[in-house]
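Since the structure comes first, as structure tokens, the remarks are kept for the end.
Position 1 is the first residue of the sequence; numbering continues from there. We count ligands from 1, going down the list as the structure has it; atoms in each ligand are counted the same way.
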Amino acid sequence: MNIDIESPTIKLPRIKILATGGTIAGSAAKSTQMSEYKAGAIGIQTLLEAVPQIKDYANITGEQLCQISSNNITDDIWLQIADRVNAIFQAGDTDGIVIAHGTDTLEETAYFLNLVIKNEKPLVLVGAMRPATAISADGPNNLLNAVRLAGNPEARNKGVLIAMNDEINGAREATKTNTSHVSTFRANELGYMGYINNGEAFFYRASLRKHTLNSEFSLKDLVSLPYVEIIYGHANDSRILVDAAVNAGARGIVYAGMGNGSIHEKAEEGLIAAQKQGVVIVRSSRCGAGTVKGGPIRYSKEKFLTGDSLNPQKARILLSLALTKTDKLDEIQRMFNEY
Ligand code: SIN
């Protein structure tokens with residue numbers, strides 16, 4: 001469904017909202033239900049009706065791209081979203097785009113778009129932790145803030161942004177850190193990019209890693225993404241899931257290792273065998289903070305790559321996009337050092 005909300009002045013920024021579902025569009029039977037609700041139940045029209053003030057800040061057009069709970073996101077949906085975003089920006093009549101998205105995989109969609117969108121205009125992802133029907137729902141104010149951020153020239157060329165809870169996060173660093181709190185998105189030690197105060201954005205830092213216009217990744221002629229699996233390391237681990245991933249046709253495996261990307265010796269046996277068959281192995285960490293850059297020399301001799309400070313779910317995205325360009329290990333490691 002496409003909608004237009006005309007604002008009285010033509011000087012307002014032209015913002016497109018793409019709705020995909022999530023808790024921001026969630027509906028529960030009672031206003032006191034915060035965790036028992038249907039995500040993605042409400043369409044974009046109703047979402048916007050909850051924030052009539054939006055037309056004071058932007059000329060809005062909206063599209064419903066899908067209506068899902070974001071734990072069900074797929075590569076196909078990502079390719080559709082990215083194609084649509086690139087097409088809207090190319091058309092030249094939009095100043096910024098807001099994507100309303102479930103928070104569960106919001107960081108992954110944001111990082112994927114950060115790598116494949118070819119424009120410096122603001123692209124802001126927004127979600128909510130409480131359904132639209134809840135007392136004190138956080139969605140309406142988050143949406144208003146996201147629209148204002150997308151219309152703010154200072155948000156240009158900073159990569160894909162996440163606006164929630166009056167905080168601005170960057171797509172590369174931010175991660176969902178809490179199952180239910182509205183302050184769930186954080187970039188751990190690297191910190192917020194900025195704050196939103198009384199609806200106005202204040203930036204303090206930007207990511208130095210490559211994104212959007214400087215990214216070498218492109219969706220041109222791409223109809224699917226290479227299959228990359230994540231294996232989560234743990235005490236008493238084995239090679240069972242590694243072998244299963246290889247048998248299922250994985251071209252890459254991100255091992256979410258213990259501590260500094262350490263691998264259980266049993267899983268390591270499987271990863272060595274996988275690497276010998278041409279599967280690209282990237283060590284990452286389940287710690288949630290810090291980098292995986294070095295580690296025992298043995299791992300580099302085994303030709304395992306390192307995932308830098310990307311968490312496993314983002315390392316999976318970068319590895320998948322890297323495999324669309326090359327299978328040379330040095331090149332893929334360079335990408336992990338740059339993005
Ligand atoms: C979802 O990710 O779609 C559900 C959870 C949320 O949006 O907070």
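With respect to E216 and R334, a salt bridge is recorded, a charged nitrogen being found less than 4.0 Å from a carboxylate O. Between D327 and R251 there is no salt bridge, since no side-chain N of the basic residue sits under 4.0 Å from a carboxylate O of the acidic one. The pair E120-K158 fails the salt-bridge criterion, with no side-chain N (NZ, NE, NH1 or NH2) lying under 4.0 Å from an Asp/Glu carboxylate O. Between K176 and D104 there is a salt bridge, with a side-chain nitrogen of the basic residue lying less than 4.0 Å from a carboxylate oxygen of the acidic one.
When ring centroids are compared, Y195 and Y192 come within the 6.0 Å threshold.
In terms of N/O distances under 3.5 Å, ligand 1 is approached by S70. On a distance-only criterion, T23 and ligand 1 share at least one N/O pair closer than 3.5 Å. Of the N or O atoms in N71, none lie within a sub-3.5 Å distance of an N or O in ligand 1. Looking at A128 next to ligand 1, an N or O pair under 3.5 Å apart turns up. Annotation: Y37 places no N or O atom under 3.5 Å from an N or O atom of ligand 1; distance criterion only.
Close contacts of ligand 1 with G22, meaning ligand atoms under 4.0 Å from a residue heavy atom, involve 3 (O), 7 (O). Below 4.0 Å from some heavy atom of G102 lie the following atoms of ligand 1, by number and element: 1 (C), 2 (O), 3 (O), 7 (O).
Look at G40 and you'll find every heavy atom at least 4.0 Å from all atoms of ligand 1.
At the top of the distance list for atom 8 (O) of ligand 1, counting protein heavy atoms only, stands T103 OG1, 2.4 Å.
Between the side chains of E107 and N311, at least one donor N or O lies within less than 3.5 Å of an accepting N or O. Checked by atom type, the side-chain pair T74/D76 shows no donor-acceptor distance below 3.5 Å.
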